[in-house]
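Below: the structure, in structure tokens.
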Amino acid sequence: MRKKVTLITGANGEVGHGLIQTFAQLPDALPVVVIDIRSLDPQVGGMVEDAIIGDILDMPLLDKLMMEYEIDTIYHLAALLSTHSEFRPEAAHRVNVQGTINLLHLAYEQSHWHAHPVKFIFPSSIAVYGLPDVATKESAPPLTEDQYLTPTTMYGCNKLYCEHLGRYYSRYYRQLAAAAHATGVDFRCVRFPGLISATTMPTGGTSDYAPEMIHAAAQGKAYECFVRPDTVIPFMVMPDGIKALLDIARAPREQLTRHVYNVTGFSLSAQEIAHLVREAFASADIAFQGENKRQAIVDTWPAEIDDSAARRDWGWRPDYDAPRAFTEYLIPTIQGQYKVDSRQ
Ligand code: AKB
């Protein structure tokens, strides 16, 4: 008998950490198997059934996984983020797109072995949007899932295409085969805004200026923000990001009217974030750089997104607005973390 498990790819990233910790506390959670190209952080290592070091592009490795476990749900988090992807666009395409196809295929095969659908939970991003100019960004209402889908980054293109691949594998995969049958891939996607974690630092993203500013201030380090003070994008703190992934995974299929849902927490300008950081850390040394090339990317991302479909279909509500995010989660957790770190 193969063991029934939840699979998490890219588990060493900041969402993976949060997800593993949450599953470890849920009494009814399945054992978790993770795969990442780096060995799993020892902080969460004891919380999983199996931590595989490997690449999602390695087909023999995925075949082995296929033989050893009955995979019930896949959280496919592995990806190169937007800034990293601009430095290595073809590598990003391989990891972000081919990696996703490999996992979708694994889900398809698994669903046929154990004859019930495999849930495929996929984090997409506001990077799928591509507003043409700042004036349009400033005058646009909160964007729905279907507006301005003309991304300007490799990562945004990859995420948007993978959203379509998920829909394709859910509804149309092998549609011309003689014996037509439901594929069993149950693809569910949340489009995240910039995520901010109090316990881990993101790497390679373009929304990273927000977490970088907060973590730098807590460590007494100077920070040069790479976007203009008036730059606004939506954000969400990690506990809400984890909640969104778990809530969409738990939602009854018949309630879902689409495969891809926007979710958001709060929108803030870089200046407003700096202000909140200075309120918490009076000595915070934050400067704004002159024009940086990454500004052009953030200027194509919306200031606000409309998450009413998620609210309507599966009861999505963030727990944290901006004041609560800073006063109850970010500042106390980060302060505690660096106090502990400095004593070590
Ligand atoms: C990035 O900046 O690449 C990510 C994202 C917005 O998806 N944080």
Side-chain angles (χ1 to χ4, degrees), residues 9-10 12-19 75-89 91-93 95-97 99-100 121-131 137 142-143 145 148-163 166 189-215 225-228 231-242 244-245 260-270 273 292-305 307 318 325 330:
T9 72
N12 243 339
E14 47 172 12
V15 180
H17 268 81
L19 212 47
Y75 290 81
H76 176 41
L77 311 178
L80 285 188
L81 294 184
S82 53
T83 294
H84 272 171
S85 294
E86 287 314 296
F87 288 109
R88 300 174 62 216
H93 188 273
V95 174
N96 296 349
V97 176
T100 300
I121 312 302
F122 183 70
S124 185
S125 158
I126 50 164
V128 298
Y129 292 107
L131 287 149
K137 169 169 173 160
L143 297 191
E145 283 82 356
Y148 291 107
L149 296 176
T150 44
T152 63
T153 60
M154 179 53 109
Y155 172 73
C157 293
N158 295 164
K159 285 289 184 187
L160 183 57
Y161 179 50
C162 288
E163 292 180 1
C189 165
V190 286
R191 254 190 220 156
F192 278 135
L195 287 173
I196 313 179
S197 166
T199 52
T200 47
M201 282 289 284
T203 45
T206 316
S207 61
D208 293 359
Y209 59 90
E212 283 171 2
M213 204 186 288
I214 308 168
H215 283 263
C225 181
F226 58 81
V227 296
R228 285 190 318 267
T231 306
V232 183
I233 60 167
F235 290 99
M236 178 183 281
V237 286
M238 194 54 77
D240 273 337
I242 302 300
L245 292 172
V260 176
Y261 288 90
N262 282 350
V263 288
T264 188
F266 47 86
S267 288
L268 287 176
S269 68
I273 298 170
N292 180 296
K293 284 197 167 159
R294 289 205 271 177
Q295 179 74 51
I297 293 177
V298 188
D299 283 344
T300 69
W301 293 353
E304 284 184 71
I305 53 173
D307 61 3
L330 290 169

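For the single chain, residues carry numbers from 1 onward in sequence order. Each ligand, and each atom within it, is numbered from 1 in the order the structure gives.
- Under the salt bridge (charged side-chain N to carboxylate O under 4.0 Å, His left out) criterion, E163 pairs with R191, not counting sequence neighbours.
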Dump all N/O pairs between ligand 1 and the protein below 3.5 Å as a table: atom names plus distance, one pair per row.
unit_1	atom_1	unit_2	atom_2	d
ligand 1	2 (O)	S82	OG	3.3
ligand 1	2 (O)	T206	N	2.6
ligand 1	2 (O)	S207	N	3.0
ligand 1	2 (O)	S207	OG	3.3
ligand 1	3 (O)	S82	N	3.0
ligand 1	3 (O)	S82	OG	2.5
ligand 1	7 (O)	S125	OG	2.6
ligand 1	7 (O)	Y155	OH	2.9
ligand 1	8 (N)	S207	OG	2.9

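- Within the 4.5 Å cutoff, no side-chain heavy atoms of T9 are placed close to those of Y75.
- For the side chain to side chain donor-acceptor pair (under 3.5 Å) test with R294, the passing option among T83, D208, T206 is T83; the others fail.
- Here the two rings, on Y209 and F226, have centers that are under 6.0 Å apart.
- For the side-chain contact (heavy atoms from CB on, under 4.5 Å) with P234, the lone residue among S207, P142, S267 that qualifies is S267.
- Side chains of V15 and P123 form no contact here, defined as non-hydrogen atoms less than 4.5 Å apart.
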